[in-house]
Amino acid sequence: MKEQRSQSNRFSSGNNRMVSLEKIVFGITRILTYIILFCACFIFWDIISKGSRKLFTDDGFINWSFLSQSPQTLHVIEHNGEISKLSSDEYFKFKEELSDSAWDELNTRDEFTKVQKRLKANLVAATEVTSNELQKSLLTSFIQDEQTEATEKFNYWMELLENASSHAPDFQVSSEDIPYLVGRFILSFLDQTKLKYSLLETELSFFQALHYPKIDHLSSQSIQKIKLAYFNLLEEHLHKIWEAYIAEKKNLKENINDFLQSPSSTSFSTLESQIIAYMENPLLLKESSANLWEAITADLQWIGSEHRIEVPSKDYAYSGGGIFPAIAGTILLVGGAMLIALVLGVCCAIFLSEYGKSGKFLSLVRLSILNLAGVPSIIFGLFGMGLFVIFLDWNVSIIAGWFTLAFMVLPIVITASEESLRSIPKGFRESSLALGSTKWTMIRTSVLPYAMPGILTSAILGVARVAGETAPIMFTAAFAMRSELPWEGLEHWTDFFFQGVMALPYHIYVISKIPQNEYTVDMQYGTALVFLILVFLLASLSFIIRSRLRRKFNW
Amino acid sequence: MIKGKKAFTYPVAIDVKDLSFSYGKTEVLSSISLQILQNQVTSFIGPSGCGKSTLLRCFNRMNELIEHAKITQGSVLINELDIYEKSIDPIELRKRIGMVFQNSNPFPKTIYQNVAYGLKIQGLKNKRKIDEIVEDSLQKAALWDEVKDRLNENAYELSGGQQQRLCIARTLAVQPEIILMDEPCSSLDPVATARVEELIFNLKQEYTIVIVTHNMQQAGRISDLTAFFYLGKLIEFDETKKIFINPKMQQTEDYISGKFG
């Protein structure tokens, strides 16, 4: 019966096993495709949903401060029962405002007026310029003190050397080791006075004691020589120190005037930090006003403790502010690298497709370019660090990043450009040549313009790759943190090329390596979303240019 | 067909002497000798691969651009100068000898830019002069009336026949003496072909024309002299009338009567 049916209908669905296999293959391919689609959707949804928390404000507007500020530390504070998240700038401003209002309150207290009056009087007295004669005598005594101290030390060392055997037990060494010991003492003393290197350059270069492991004959005579040389330099050195001290004092006096004219919380803070630095100078003690300063410090401390309000905060590094330097850095890196890659790559492609004669050499070149495309990007990073950063001494800089990234995308650019040059009809070349153009004129006027859309395709591929790579720039161009923008604070225009920048992919890497919390996660996803949008924009820019050219050169 | 003078009394424009040519080890032309006469249309006929296009490309040294292609013996003289001598600049040579190709291949630019291209690459900057030459060339190519109002349109908006005439105008703009045509009508319909043929007939007053064609009727219609090639050899070269009515060689007769090819 069955046989008969299959005979009567030659197209009946005969082999059931083949049909079910067909169905299984269809099902598997379909399910796998859906899984991949699902994964892709999930990734995008994840980045967009989490990233928009940072990129958009709660009312749905774009969070411009995220796009325009530098990365900062996030301070989470509790003030008057309210929790607020502030970037460093906002936090310090907030503290300043608090202090200002406290200052105003303090101003109403009689006690404060009294202390302020005393402080002002003391400050004026303490910074009064001492007469020249007094200064001279102070300086002389300063120099004398230093010399006396040094003489005492040198005498002690000479004595040590002369009576080595009796002093040896004090240091628990044998008497032969005493010269070494003295050499070491001298060295550390000279280190303290910071005169060692100038001494080394002048009188003492002959003296082996200064290369202390080699000391073999250290006599009291040689110590005498060192002492003489030291004293010669000392006076000059102390003069310089003194002058610097006087200059600092004058500087301080001006700042005090600022405070005296308009006392406020801000000018008080500036003054306070300056006075603290000034107090550390040992020369202050030589002046007669030493006890005045003690009174001043006490008053400063009192005012400070009375009006300063501490706002305790939890600090999260990199979680506040924005990512503008990283956006700017990425655009700069991508733009420059693509420019270099296109110039180099198109030149190479022109040679390969137009000038090169087919042969072993050319196929070797092609093979190596293809191999270059397979090199991991971290290797390009190492290569860039070795060649540009270290050997050419460009340091970590934009230009080193440009060249490293350019070399990384060269294979893509060369291959795609060559392909596009080859696809230009032979007729264009021939008719151009037949009209009497040279080869270069032919390439320039009737090959390159028409190959431009294809070359821009390579640029699109390149942009996505250049923008996305972290490895090549982490040794060559990227800084973890630099709040200054690349075009700020340039002394000379060439400095622009020799500075490191922040970059989005590296920034994501950096904020993923620090201790994690809810704030850094927001920052990561926000950065990732901005990064995706930026790459999309850069690529679509080349895309638009390409389609315009295509419409123009249509054949 | 040949009015007034007999064809062979015209002065010689291109003198090919015992020319052999090969691509690598394959010889494609062997010992060709013929003379192209001034202000005459000479057509090259023969089956595919017989070397007629190769010979044509020898006249403006376009063959040099192909790798491993070289002349193995003989010479090509134009104005009694051997064009393969070292002192000859192929760029200058190609300005004197224009070429029109099989496929109409205008550049994807405007009609005006296409005609002006040859002048621009030669460094001519005078706009009025260029305008003049463009108009003149288009008129000579019998295209002016059709395109004078749309000079700034893309050349690819023209029809196939118009495109080919544009290519001829582009060649004329450089003011050559000799025009080489490599199967100019092979991709055109009969009407467009007729217009190009008419154009060729008019152009021969001023230019020497060499045309390669697959179409024997076309050779019969437009040329004064015809050369028949077969397997890299010149079989017969004579006045067109003689070749078509009374060929001397058997192979020529077979080809013309359609026995092969």
Side-chain angles (χ1 to χ4, degrees), chain A residues 349-366 417-457 545-555, chain B residues 56-57 59-68 89-110 113-124 137 154-157 163-164 166-176 178-182 187:
Chain A
I350 287 175
F351 175 76
L352 287 177
S353 83
E354 308 291 326
Y355 286 102
K357 297 232 158 56
S358 61
K360 273 191 182 153
F361 172 70
L362 223 61
S363 39
L364 192 73
V365 172
R366 286 217 180 83
S417 307
E418 200 194 336
E419 211 56 50
S420 131
L421 285 172
R422 279 175 188 280
S423 71
I424 302 305
K426 215 173 86 190
F428 292 171
R429 297 164 215 262
E430 281 185 338
S431 30
S432 174
L433 286 173
L435 288 168
S437 63
T438 59
K439 199 150 187 177
W440 169 237
T441 316
M442 179 268 280
I443 294 168
R444 188 169 51 84
T445 59
S446 44
V447 176
L448 263 188
Y450 314 132
M452 226 48 202
I455 291 170
L456 281 170
T457 311
I545 299 173
R546 181 178 72 165
S547 54
R548 281 208 173 169
L549 282 177
R550 278 219 175 127
R551 228 175 298 141
K552 193 173 160 198
F553 301 128
N554 194 12
W555 65 85
Chain B
L56 194 74
R57 281 155 181 263
F59 296 161
N60 66 347
R61 291 179 64 169
M62 287 292 276
N63 273 335
E64 284 178 358
L65 306 169
I66 299 161
E67 275 179 60
H68 310 302
D89 180 7
I91 309 297
E92 285 305 315
L93 179 77
R94 287 180 201 137
K95 286 180 194 166
R96 320 298 311 160
I97 303 174
M99 189 163 190
V100 178
F101 296 87
Q102 183 170 1
N103 299 316
S104 52
N105 49 11
F107 300 118
K109 300 179 176 184
T110 65
Q113 282 171 335
N114 260 285
V115 183
Y117 178 86
L119 304 169
K120 291 232 170 95
I121 59 173
Q122 286 177 25
L124 191 63
S137 311
N154 194 312
Y156 278 82
E157 297 186 0
Q163 284 184 20
Q164 192 60 292
L166 179 65
C167 289
I168 294 174
R170 182 173 71 184
T171 309
L172 295 178
V174 196
Q175 289 156 340
I178 301 168
I179 301 173
L180 310 174
M181 297 187 176
D182 193 354
S187 53

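Atom set for the values below is all heavy atoms of this structure, side chains included, hydrogens, waters and symmetry mates excluded. Proteins come first, then strands; the chains are lettered A, B, ... in the order of their sequence lines, and each starts at number 1.
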Only distances under 3.5 Å count here; give the side-chain donor-acceptor pairs of residues 117-124 of chain B to other protein atoms, sequence neighbours excluded, each with its distance to 0.1 Å.
| unit_1 | atom_1 | unit_2 | atom_2 | d |
| --- | --- | --- | --- | --- |
| Tyr117(B) | OH | Ser432(A) | OG | 2.6 |
| Tyr117(B) | OH | Thr445(A) | OG1 | 2.4 |
| Tyr117(B) | OH | Ser446(A) | OG | 3.3 |

Q: Give a yes or no on whether Glu419(A) atom CD has more than 12 heavy-atom contacts from other residues, nucleotides or ligands under 6.0 Å away.
A: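 Open.
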Shortest non-hydrogen contact from [X] toward [Y]:
X	Y	result
Met99(B)	Ala434(A)	CB-CB, 3.9 Å
Glu430(A)	Met62(B)	O-CE, 3.4 Å
Pro106(B)	Phe428(A)	O-CE2, 3.3 Å

Q: Please look at Ile97(B) and chain A and tell me whether the side chain, the backbone, both or neither of the residue comes under 4.5 angstrom of a heavy atom of that chain.
A: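 The backbone, not the side chain.
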Q) At a heavy-atom separation under 4.5 Å, does Arg96(B) approach chain A through its side chain, its backbone, both, or neither? A)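 Neither part, no heavy atoms under 4.5 Å.
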Q. Can you say whether the rings of Tyr450(A) and Phe107(B) are parallel (under 30°), tilted (30 to 60°) or perpendicular (over 60°)?
A.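 Tyr450(A) vs Phe107(B) ring planes: parallel.
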Q) In terms of heavy-atom pairs under 4.5 Å, which option from Ser431(A), Pro449(A), Gly427(A) contacts chain B the most? A)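 Of Ser431(A), Pro449(A), Gly427(A), Ser431(A) has the most heavy-atom pairs under 4.5 Å with chain B.
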Q. CG/Leu435(A) to NZ/Lys95(B) distance, rounded to the nearest 0.5 angstrom?
A.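 Answer for the CG-NZ pair, Leu435(A) versus Lys95(B), is 11.0 Å.
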